[in-house]
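What follows is a single structure, written as structure tokens, with notes after it.
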Amino acid sequence: MIIILQPHIRKDNEEYHKIFTYLEKLPNIRLSVHEIQGTQQILTEIYLIGDTHSLSKDEIRAFPGVERVVRISQPYRILGRHAENDNRTSQFEYNGITFSQDNLHVFAGLCAVDNPKHVEMMMQALQAHGQVCTRMGAYKPRTNPYSFQGHGASCLHYVFELAGKYGIKVIAMEITHDKHIEEIQQALKQTGGPTGVMLQIGTRNTQNFELLKSAGRQTEFPVLLKRGFGITLEESLNAAEYLASEGNHKIIFGLRGMKTNMGDPHRNLVDFAQVPVVKRLTRMPVCIDPSHSVGSRDAGPEGILDLYHVTAQGIIAGANMVLVDFHPAPEQALVDGPQALLLEELPSFLQDVQIARQAYEQRRALINGGKG
Ligand code: PEP
Ligand code: MN
């Protein structure tokens, strides 16, 4: 059960004290308090964990300062939607950018940082096309121990400085160890905070619970959690709940395809049909990663790359973020060159994204009788 307090009620209010004292005395119930930073105000939610069946919603609602009481109907206590009227926000802000289930951001960039020249070419192209987000891999989880593992902390300074130079506000950057969070924090501090970072937890680490706890305990950076490529959606959503249960509610859930030969010749089986499913079950904005789903630059007979097709499919179904590999010289890329889009493709890719987004908005208006 979740008790949502009225926006002006904080821990030092009389009303808070009264309801909290009452709740504390309930047998077999543990309390967990979460303060949610909204755009205008901080909302306080009290989670009741344990034997809540016999509790009366009406009795709790009658306390002064209580706005709403929601019974939890499924396992994602914090991130889930628990009732038809559970319209608690899906929105969060980071470094001046709003992320929600209602908007869309493109994170085009390098799968792996290779050198300052390519990073700069990428950032320059992004700025020229009005983009303020990117992806830049410094820590790469590789299947083969002898493959390039990413430049790690040694590239962070120039990546952050160049991001600042070209007005990039958020960089999605994978971490594979909790010490990477400190390295990122330190490099941002040393460079004077020219940009922001969204920590990315990759598909190989979706159920690395200690890493999830570390990323969840810090609330400075939002987290993009990729679904696990060989586990159920429910298991991956539970992994997201790990982050939230530690205190970080700024979470985006990423679909990136499932590992099975049934998706051949694509690298993974594209799973973007689950965009609306994740939006219905949880309040997380949903990201699609066409690059790691498709894994190639093959095109249909009309000349449109499969990468463009699946991106449009995800967006037309309501995706809120696109994480996509680009490279100025894919043949020189140290990781995933064959699936990278070219810088000269950036304008057509962004235009195609807009076409798909408009189609999604039109479909929404159609179904809602013109109300969008
Ligand atoms: C990536 O985005 O670079 C990546 C490694 O993705 P995934 O974890 O989905 O394989
Ligand atoms: Mn990659």
Side-chain angles (χ1 to χ4, degrees), residues 105-114 118-119 122 133-145 147-152 155-156 159 170-177 180 184 197-208 211-212 215 221-231 233 235-237 239-240 243 251-260 263 266-272 274-275 278 284 286-297 306-307 310-311 314 319 321-342:
H105 297 286
V106 176
F107 283 61
L110 305 183
C111 177
V113 171
D114 44 13
H118 288 151
V119 172
M122 187 70 233
C133 300
T134 189
R135 59 158 295 151
M136 289 283 151
Y139 309 97
K140 299 303 300 177
R142 304 305 302 281
T143 305
N144 184 326
S147 304
F148 172 63
Q149 305 282 311
H151 286 310
C155 70
L156 297 181
V159 169
V170 189
I171 303 174
M173 182 174 277
E174 180 161 0
I175 55 161
T176 58
H177 194 284
H180 299 155
I184 290 169
V197 171
M198 177 182 287
L199 304 176
Q200 181 180 323
I201 295 184
T203 195
R204 290 159 189 80
N205 276 312
T206 310
Q207 285 188 312
N208 180 340
L211 184 63
L212 293 172
F221 305 115
V223 183
L224 165 63
L225 177 71
K226 298 265 199 102
R227 85 173 301 170
F229 55 28
I231 56 176
L233 181 65
E235 286 164 330
S236 290
L237 294 177
L243 292 162
I251 309 167
I252 294 184
F253 189 79
L255 297 171
R256 50 82 69 211
M258 302 300 293
K259 200 173 192 59
T260 158
H266 288 159
R267 182 172 170 178
N268 287 289
L269 180 69
V270 183
D271 54 353
F272 301 165
Q274 288 185 320
V275 168
V278 178
M284 289 184 281
V286 180
C287 173
I288 52 165
D289 177 343
S291 305
H292 290 83
S293 300
V294 169
S296 76
R297 291 181 45 83
D306 292 7
L307 277 167
V310 301
T311 303
M321 172 171 161
V322 180
L323 188 78
V324 55
D325 291 1
F326 272 76
H327 199 285
E331 66 293 348
Q332 293 169 31
L334 298 176
V335 184
D336 284 348
Q339 70 190 24
L341 292 171
L342 313 173

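Just so we're clear, the structure is a prediction, and the values are computed from it rather than from any experiment. Just so you know, residue 1 is the first one in the sequence shown, and it goes up from there. Both ligands and their constituent atoms are indexed starting at 1 by order of listing. Only heavy atoms go into these numbers, but all of them, side chains included; no hydrogens, no water, no symmetry mates.
Checked by atom type, the side-chain pair H292/D336 shows a donor-acceptor distance below 3.5 Å.
Between the H266 side chain and the N268 main chain, no donor and acceptor come within less than 3.5 Å of each other. Side chain of D271 to main chain of G257: a donor-acceptor pair is present (N/O by atom type, distance under 3.5 Å, no hydrogens or angles). Between the H118 side chain and the V113 main chain, no donor and acceptor come within less than 3.5 Å of each other. A donor-acceptor pair under 3.5 Å is absent between the side-chain atoms of R256 and the main chain of R227, judged by distance alone. Between the T206 side chain and the S236 main chain, no donor and acceptor come within less than 3.5 Å of each other.
Every atom of ligand 1 with a heavy atom of K140 under 4.0 Å away is listed here by number and element: 1 (C), 3 (O). Residue contact check: G202 has heavy atoms under 4.0 Å from atoms 8 (O) of ligand 1. Every atom of ligand 1 is numbered from 1 in the order shown, and the set under 4.0 Å from a heavy atom of R256 is 7 (P), 9 (O), 10 (O). Against a heavy-atom cut-off of under 4.0 Å, C111 is close to the following atoms of ligand 1: 3 (O).
Of all the listed residues (E174, R135, Q200, R204), R135 holds the heavy atom that lies closest to atom 3 (O) of ligand 1.
In D336, the N, O or S atom that comes nearest to the Mn ion (ligand 2) is OD2.
At the shortest separation from atom 8 (O) of ligand 1 among protein heavy atoms lies T203 N, 2.8 Å. Atom 6 (O) of ligand 1 has K226 NZ, 2.7 Å as its closest protein atom, hydrogens excluded (heavy atom only). Taking atom 4 (C) of ligand 1 as the reference point, the nearest protein heavy-atom neighbour is H292 NE2, 3.6 Å.
Using a 4.0 angstrom heavy-atom cutoff, G137 does not count as in contact with ligand 1.
H180 and Y139 have parallel rings, their planes meeting at less than 30° on a 0 to 90° scale where 60° marks the start of perpendicular.
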